[in-house]
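Working notes, structure below.
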Number of protein chains: 2
Amino acid sequence: MVKPYNQMKQLGDNSTEEKILDAAKEVFMKHGLYGARMQDIADTAGINKALLHYYFRNKEKMFDKVFDGALAKFFEQLDVFSNNELSVKKRLFIYIDNIIEFYAEYPQMSMFIIKEIGNNPEIFKEKVHVAKKNKTLRLIHVLEDGMKNGEIKKIDSAMFMINLQSLCSFPFLASPMFKYSLKAQGKDWEKDFNSEKLKQSVKNFVEFTLGK
Amino acid sequence: MVKPYNQMKQLGDNSTEEKILDAAKEVFMKHGLYGARMQDIADTAGINKALLHYYFRNKEKMFDKVFDGALAKFFEQLDVFSNNELSVKKRLFIYIDNIIEFYAEYPQMSMFIIKEIGNNPEIFKEKVHVAKKNKTLRLIHVLEDGMKNGEIKKIDSAMFMINLQSLCSFPFLASPMFKYSLKAQGKDWEKDFNSEKLKQSVKNFVEFTLGK
DNA sequence: ATATGGTTTAACCATTTTGTTAATTGCAAA
DNA sequence: TTTGCAATTAACAAAATGGTTAAACCATAT
């Protein structure tokens, strides 16, 4: 017998499973695997704690689901580097736009991933292998090609990547601190910071560092 | 009766209280207040769990002590901006040297502080008030003075501060990720990254951004 | 109407974790 | 040597937390 339409699993809307996943994302991002409390997740989702186990069996499995989703989205951002039709700088600019919009939506993401790598490098390795499938992490590779064919200046590609990631992700991660710190100096985070400004600032950095 | 010398509180050396505080710092930095386990702290310090309560009464009070210490050291780094005898750039370069060495020693510090601000803005406000006493947070103030008297280029001071903090603290925070990511691209974190390189890189950024 | 089966809940249980207590150790003053 | 007191410990109690169960709920098919 076929189930009626409104009883089928409806992910993406406000089905219970989705509510739980959203709540879990929020709480896990804030407190990590150890620090998160099942009751806290249940309260955030507005449901009974037993339902968490009904849908996800246990805490670790739930965490895995959240983490896998986060990781997949994270790696999607790297796809642009595989597009060899575009110039190195063009690819970098697109990446900057995408990754900053991504972090604006998931400010805790990088910390979440960093913590997980630290806690469990082996499992992470395996997950990444699944997540990226046949894609490759090409940022550095693309840079070094660009240097060889004279498209960009000769730079320290590893340090460039580190600087770039720092500029793009830390502002969102540290927004509570910046909010506070700016207010103490007579500035206003909401006014003085936004994604568009940051994009421009990072692009300036890239232009200065790679431009010939 | 006066206590014998070797029985007086000896902070700064390997007294029990200090051992506990060091262990607590390590564990709290790694897992946060919720995620940290008292037993884990006791094991790390190599003492009985009951001693933790003997010295610090309970988990929260212990956490407070650790956090207060962290905060004080963090704010110390800002003192250099009060030295009006030095040029703006000179002060920035000194700050960069200091803060990067600081983060090299306490890589989790910024995250620790960020999380705390997020969890409890009011208490943080109060703590900062104590920590900075009559000092003032001057980075932005110093920059705007420098712009007025033509010492540096006219820039967006808030964004500059955000970029600067990002470049200095994120690499340490995210080192597990960078280690992993670089390895996947045929590089080696230990070889390709060190504090001196980072200092130089950040100074280049400052020179480019502020230099006339 | 009633039966069916997925969904949701309150009330538990088992384990982990925080916190306490009473006894022991070790060291210095008398 | 004995006494006193802080430091330390093992064992225990209390609270918090993850996980289970059996019953209630509710929409639909018969």
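Please read all numbers here as calculations on a predicted model, not as lab measurements. To find a chain, count down the sequence lines: A is the first, B the second, and so on, and within it residues start at 1.
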Can you tell me the distance, in whole Å, between the [atom1] atom of [X] and the [atom2] atom of [N]?
X      : N       : atom1 : atom2 : result
Y54(A) : dG6(C)  : OH    : P     : 7 Å
M62(B) : dT17(C) : CE    : P     : 15 Å
E60(A) : dT17(D) : CD    : P     : 18 Å
F56(B) : dT20(C) : CZ    : C1'   : 18 Å
L52(A) : dT7(C)  : CG    : P     : 15 Å
F63(B) : dT18(C) : CZ    : C1'   : 16 Å
N48(B) : dT18(C) : CG    : C1'   : 13 Å
H53(B) : dC12(D) : NE2   : C1'   : 14 Å

* Mind jotting down which residue pairs meet the side chain to side chain donor-acceptor pair (under 3.5 Å) criterion with at least one end in residues 157-167 of chain B? Sequence neighbours excluded, please. => S201(A)-N163(B), Y95(B)-Q165(B), E144(B)-S157(B)

* When we call it a touch if two heavy atoms are under 4.0 Å apart, what does N58(B) touch: a base, just sugar-phosphate, or nothing? -> sugar-phosphate

* To do: Check ring pair (Phe, Tyr, Trp, His ring centres under 6.0 Å) between F112(A) and all other residues, then give those that pass, not counting sequence neighbours.
  => F63(A), F67(A)

* Structure fact -> Sorted by chain and residue number, the ring pair (Phe, Tyr, Trp, His ring centres under 6.0 Å) partners of F193(A) (sequence neighbours excluded) come out as F172(A), W189(A)

* Tell me, which pairs form a salt bridge (charged side-chain N to carboxylate O under 4.0 Å, His left out) where one or both residues lie in residues 39-62 of chain B, sequence neighbours left out? -> none

* To do: Using a cut-off of strictly less than 4.0 Å between a heavy atom of the residue and any atom of DNA chain C, enumerate the qualifying residues of residues 33-41 of chain A by number.
  => none

* Any T16(A) side-chain nitrogen or oxygen under 4.0 Å from OP1 or OP2 of dT7(C) -> no

* **Heavy-atom closest contact (I140(A) atom, Q185(B) atom, distance)** => N-OE1, 3.0 Å

* Structure fact -> Sorted by chain and residue number, the salt bridge (Lys or Arg N to Asp or Glu O under 4.0 Å) partners of D97(B) (sequence neighbours excluded) come out as K203(B)

* **Pair of N/O donor and acceptor under 3.5 Å linking dG19(D) base with K59(A) side chain** => no

* Asked: In terms of ring plane angle, is the pair Y103(B) and F74(B) parallel, tilted or perpendicular, where the classes change at 30° and 60°?
  -> tilted

